[in-house]
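Below is one structure; the comments refer to it alone.
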2 protein chains.
Amino acid sequence: MDIYTQNGFRALADPTRRDILQRLAGGEHTIAQLTEHFDMTRAAVKKHLTVLSDGGLITTRVSGRERFNALDPNGFAPLRDWISFFDQFWGNQLTNLNDIIENNDQKGPLQ
Amino acid sequence: MDIYTQNGFRALADPTRRDILQRLAGGEHTIAQLTEHFDMTRAAVKKHLTVLSDGGLITTRVSGRERFNALDPNGFAPLRDWISFFDQFWGNQLTNLNDIIENNDQKGPLQ
DNA sequence: TCGATTTGACACCTTTTGGTATCACGTTAA
DNA sequence: TTAACGTGATACCAAAAGGTGTCAAATCGA
């Protein structure tokens, strides 16, 4: 049914794509900038960006011959909510997202 | 680094495996019981269960010749938290997980 | 005891995925 | 104007993923 959620979870399944998302959390990047940090070609990074875009996790802003990629809020919420549904099945302490964010050390989630 | 998180996200990338998780939310199932609901062989379902187990999303209780599969809380929290990290990058209203659960209609997240 | 049941483990096949190499196209700057 | 730059797109390849069929082993029930 929800192909958007499917694409979103598929996008998160690859460690390179999760790494890209964390780098975009520090601000928008072009493909060339992202490629510097990976041991693969620009074409491979471009493919990962396409998958991330299909999942609604990033957007692209075009400026001249450059394309700046940035995080897109739209794709994240459905994925987080899908997982959060299962929290009701274990009676543990329920996490408040505000607490997660307030206690965050700004370095990003551990990869 | 965190192969556990990697396996978890990989497990969620397949729609059959997400369907299995939602069925297990209704209680533990054997492989044979799960297979009734899918258009694939028991061996295929078994493979999906192995992936879910590798991701720490399910556990198995053995009783005689039967093996009952059930949800495992351990694997879910790291995945939810990983995604929740990004919530700080859009200033929208932060969702309180308690609200999500209280408003849930008990039918499970839309697939 | 012995057949039916439930499962795990392989070998095997096809499709998808992650990667490279290469070329074409628009943009920039000298 | 023209060469360098940044990118999209495509063909191609190896490996991983999702599936089937089959067989052996353990357990249950008559």
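All chains are named by letter (A, B, ...) in the order of the sequence lines, taking the proteins before the strands, and each is independently numbered beginning at 1. As a basis for the values below, the full set of heavy atoms in this structure was taken, side chains included, without hydrogen atoms, waters or symmetry mates.
Computed from coordinates, the A:Glu66 CD to C:dT27 P distance equals 13 Å when rounded to whole Å. Here C:dA9 presents its C1' atom at 12 Å from CD1 of B:Ile31, a figure rounded to the nearest Å. Summarising the geometry, the separation between CD on B:Gln33 and P on C:dT5 is reported as 15 Å, rounded to the nearest angstrom. The CZ atom of B:Arg67 sits 13 Å away from the C1' atom of D:dA25 (whole-angstrom rounding). In this structure, the NE2 atom of A:His29 is 17 Å from the C1' atom of D:dT7, given to the nearest Å.
At distances below 3.5 Å, not a single donor-acceptor pair connects side-chain atoms of B:Gln6 with backbone N or O atoms of A:Asp14. No side-chain donor-acceptor contact under 3.5 Å links A:Ser53 to the backbone of A:Leu49. The closest donor-acceptor contact from the side chain of B:Arg17 to the backbone of B:Ala11 lies under 3.5 Å. Judged by distance alone, the side chain of A:Glu66 and the main-chain N or O of A:Thr30 form no donor-acceptor pair under 3.5 Å.
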Fill in: Footprint string (nucleotides 9-24 of chain D, 5' to 3'): B base within contact, S backbone only, - free, heavy atoms under 4.0 Å
--------SSBBB---

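Note on B:Phe68 and A:Phe89: separate hydrophobic clusters, where clusters join Ile, Leu, Val, Met, Phe, Trp and Tyr whose side-chain heavy atoms are under 4.5 Å apart, directly or indirectly.
For the pair B:Ile20/B:Phe38, a side-chain contact is recorded, criterion being any heavy-atom separation below 4.5 Å from C-beta on.
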Anything under 3.5 Å between a protein N or O and an N or O of nucleotides 27-30 of chain D, put it in a table, one pair a line.
| from | atom 1 | to | atom 2 | distance (Å) |
| --- | --- | --- | --- | --- |
| D:dT27 | O2 | B:Arg65 | NH1 | 3.0 |

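Across every non-hydrogen atom of B:Val62 and B:Gly64, the tightest pair is CG1-O, 3.8 Å.
Of the candidates A:Leu52, A:Leu57, A:Val51, A:Asn7, A:Leu57 is the only one forming a side chain to side chain contact (heavy atoms under 4.5 Å, CB included) with A:Leu12.
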